[in-house]
Novice: 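Okay, here's the structure, questions in a sec.
Below, chain A is the first sequence line, B the second, and so on; all start at residue 1.
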There are 2 protein chains.
Amino acid sequence: MSTPGRGLHGRVLDTLGPAITAGEYPPGSVLRTDELAQHFQVSRSVMREAVRVLESMHLVESRRRVGVTVRPKAAWNVYDPQVIRWRLAGADRPHQLRSLTVLRSAIEPVAAGLTARHATAAQCAELTECALGMVAHSRGHELEEYLVHDVAFHRVILAASGNEMFARLGDVVAEVLTGRTHHEVMFEDPDPAAVTLHVQVAEAVREGDAPRAERLTREITTGALQELDVLAP
Amino acid sequence: MSTPGRGLHGRVLDTLGPAITAGEYPPGSVLRTDELAQHFQVSRSVMREAVRVLESMHLVESRRRVGVTVRPKAAWNVYDPQVIRWRLAGADRPHQLRSLTVLRSAIEPVAAGLTARHATAAQCAELTECALGMVAHSRGHELEEYLVHDVAFHRVILAASGNEMFARLGDVVAEVLTGRTHHEVMFEDPDPAAVTLHVQVAEAVREGDAPRAERLTREITTGALQELDVLAP
DNA sequence: CTGAGCCAAAAAGTCAGACTTATATGTCAC
DNA sequence: GTGACATATAAGTCTGACTTTTTGGCTCAG
């Protein structure tokens with residue numbers, strides 16, 4: 001899913017990024033480029049490039065005569081897929097998962113409404129196919145196959161909404177759904193009611209019934225929220 | 001608002017970033033680091049750092065033996081405040097403004113609902129103060145003062161929601177509101193109905209009436225959408 | 001004691017050049 | 001046509017020297 005090992009600086013980021021987002025270096029901590037370069041056994045130029053990337057994510061701030069200081073969490077670019085992945089891999093995964101699920105609950109219903117208005121025939125077909133795929137793997141512990149179709153379903157909804165900001169959240173939703181399946185309720189079959197809702201959303205979109213698509217999607221996302229409340233109150 | 005001139009690589013980005021987001025280099029275009037370095041009169045190391053930042057925004061992709069290729073718009077990190085600013089400064093500003101306003105219309109009502117539930121007394125006070133400030137400058141062409149309070153109002157709503165993803169959209173909303181005031185309807189006084197709605201939202205939040213806060217905020221954002229439809233249909 | 005101003009150290013920033021590595025593409029034998 | 005191989009190309013890496021900004025302390029006058 002990610003792009004591991006795209007150069008030395010990338011490998012440095014793979015350990016430094018998670019460390020910072022995990023709060024291993026508290027806000028205000030000062031790092032020195034030279035020390036980091038030594039620690040990671042890379043040249044200063046490579047280290048500088050890594051720091052630049054962290055800086056563009058607002059994870060750190062580089063100032064002369066001071067060093068590279070870690071910025072407070074409130075400044076971070078929490079929408080950067082890379083940052084999201086780092087945080088989901090870390091300790092505050094549950095907290096992060098909740099934030100993202102709340103975000104979903106705000107975005108997806110509106111997106112579904114727009115999709116019902118704008119979706120092409122091809123997109124409707126794809127959506128229906130995804131919903132059917134979910135039905136086909138909704139029993140018998142075929143969670144991986146179910147997940148694939150679930151992710152695809154939500155990606156289509158977001159992409160077909162015609163809003164680029166929504167479309168870009170496809171990756172985020174994918175992370176959330178994957179995280180939920182892999183770390184929370186791996187054993188149980190998906191909620192049959194949720195499956196039905198997905199089928200009905202596909203229906204509503206086909207029929208161009210925007211309010212219904214929105215309402216049904218809202219039911220899906222509030223369901224996801226309640227599920228979180230049960231698991232981590 | 002931005003951080004201009006934070007090093008040579010920053011100055012390079014200030015011209016290269018807007019150029020790319022403006023579509024000056026169409027997707028698939030190939031740039032060479034050496035050529036760019038020569039063109040901008042900087043060393044290769046500086047140019048490389050700039051490319052790394054563009055790469056972390058998914059604006060470009062750097063591959064050996066090929067060069068630095070511009071990625072399609074669908075890949076861009078459109079939530080990166082820097083990218084948003086670049087795009088708002090460019091040609092597709094209207095399109096971008098619409099995307100962001102739709103995003104607002106999805107997020108803010110939900111955020112307002114959460115804020116009604118979680119806001120502290122201090123936050124309620126701040127919100128009320130912002131609303132009063134809007135009222136105080138709602139007539140007599142005091143648009144700048146009005147804008148300041150309007151932006152502050154929405155920032156408080158988003159920040160007090162307790163969701164970090166929502167809170168981080170404060171900057172985006174600020175850009176949208178500022179853009180609207182400065183480029184669209186600079187001459188007219190704000191809609192009195194909108195002013196009233198803001199006061200009522202503050203009320204609802206104080207009273208902890210989440211559904212009402214959500215509904216009223218939805219009225220505000222749909223109003224903003226309709227305003228866009230009138231101006232740029 | 002206080003404050004203005006100056007100095008020196010520290011760390012990032014910049015540059016130039018040599019070298020390494022991956023890879024797209026063309027070539028040639030089969 | 002197909003597969004193996006050679007080659008050119010552009011990014012990637014490293015090193016060392018130099019510059020610039022900024023801070024913290026020091027001196028000295030008041």
Novice: Using atom CZ of Arg6(A) as one end and atom P of dT13(D) as the other, report the distance to the nearest whole Å.
Specialist: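 Atom CZ in Arg6(A) sits about 11 Å away from atom P in dT13(D).
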Novice: Toward the 5' end of DNA chain D, which comes first, Val66(A) or Thr33(B), by nearest nucleotide?
Specialist: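 Looking at the nearest nucleotide for each, Thr33(B) comes out on the 5' side.
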Novice: Under the 3.5 Å rule, do the base of dA9(C) and the side chain of Arg65(A) count as making a donor-acceptor pair?
Specialist: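 Yes, a donor-acceptor pair under 3.5 Å.
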Novice: Between dA12(C) atom P and Leu54(A) atom CG, what is the distance in whole Å?
Specialist: 14 Å
Novice: Is it the case that the side chains of Glu144(A) and His182(A) hold a donor-acceptor pair, with the cut-off being a distance below 3.5 Å and no angle test?
Specialist: yes
Novice: May I have the distance from Gln41(A) (atom CD) to dT13(D) (atom P), rounded to whole angstrom?
Specialist: 15 Å
Novice: What is the separation between atom CZ on Arg48(A) and atom P on dA16(C), rounded to the nearest whole Å?
Specialist: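 Atom CZ in Arg48(A) sits about 15 Å away from atom P in dA16(C).
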Novice: Using a distance-only test with no angle check, is there a side-chain donor-acceptor pair under 3.5 angstrom linking Thr128(A) and Arg206(A)?
Specialist: yes
Novice: Does a side chain donor of either Ser56(A) or Ser56(B) reach within less than 3.5 Å of an acceptor in the other side chain?
Specialist: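 Yes.
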Novice: Within the pair Arg63(A) and dG13(C), is there a side-chain N or O less than 4.0 Å away from OP1 or OP2?
Specialist: no
Novice: How long is the line joining NE2 of His9(A) and P of dT21(C), in whole Å?
Specialist: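 Atom-to-atom, His9(A) to dT21(C), this comes out as 19 Å.
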Novice: Just the rounded figure in Å: distance from C1' of dA9(C) to CZ of Arg32(A).
Specialist: 14 Å
Novice: With side chains defined as the heavy atoms from C-beta onward, is the minimum distance between Leu31(B) and Thr69(B) less than 4.5 Å?
Specialist: no
Novice: Does a side chain donor of either His198(A) or His154(A) reach within less than 3.5 Å of an acceptor in the other side chain?
Specialist: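 His198(A) vs His154(A): donor-acceptor pair found between side chains.
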Novice: What about Arg44(A): does its side chain form a donor-acceptor pair under 3.5 Å with the base of dT14(C)?
Specialist: yes
Novice: Closest approach to the side chain of Val46(A), judged atom by atom: which nucleotide of dT14(C), dC14(D), dA11(D) is it?
Specialist: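 Among the listed nucleotides, the one closest to the side chain of Val46(A) is dC14(D).
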Novice: Side-chain N or O of Ser43(A) versus OP1/OP2 of dT15(D): is the shortest distance under 4.0 Å?
Specialist: no
Novice: Would you kindly give the CG-to-P distance between Asp34(A) and dG16(D), to the nearest whole Å?
Specialist: 13 Å
Novice: In whole angstroms, how far is the C1' atom of dG12(D) from the CD atom of Glu49(B)?
Specialist: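 Those two atoms, CD and C1', are 14 Å apart.
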Novice: Is the base of dT20(C) touched by the side chain of Arg64(B) through a donor-acceptor pair closer than 3.5 angstrom?
Specialist: no
Novice: May I ask you to evaluate whether Ser62(A) reaches the phosphate of dG13(C), defined as a side-chain N or O under 4.0 Å from OP1 or OP2?
Specialist: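 Yes, such a contact exists.
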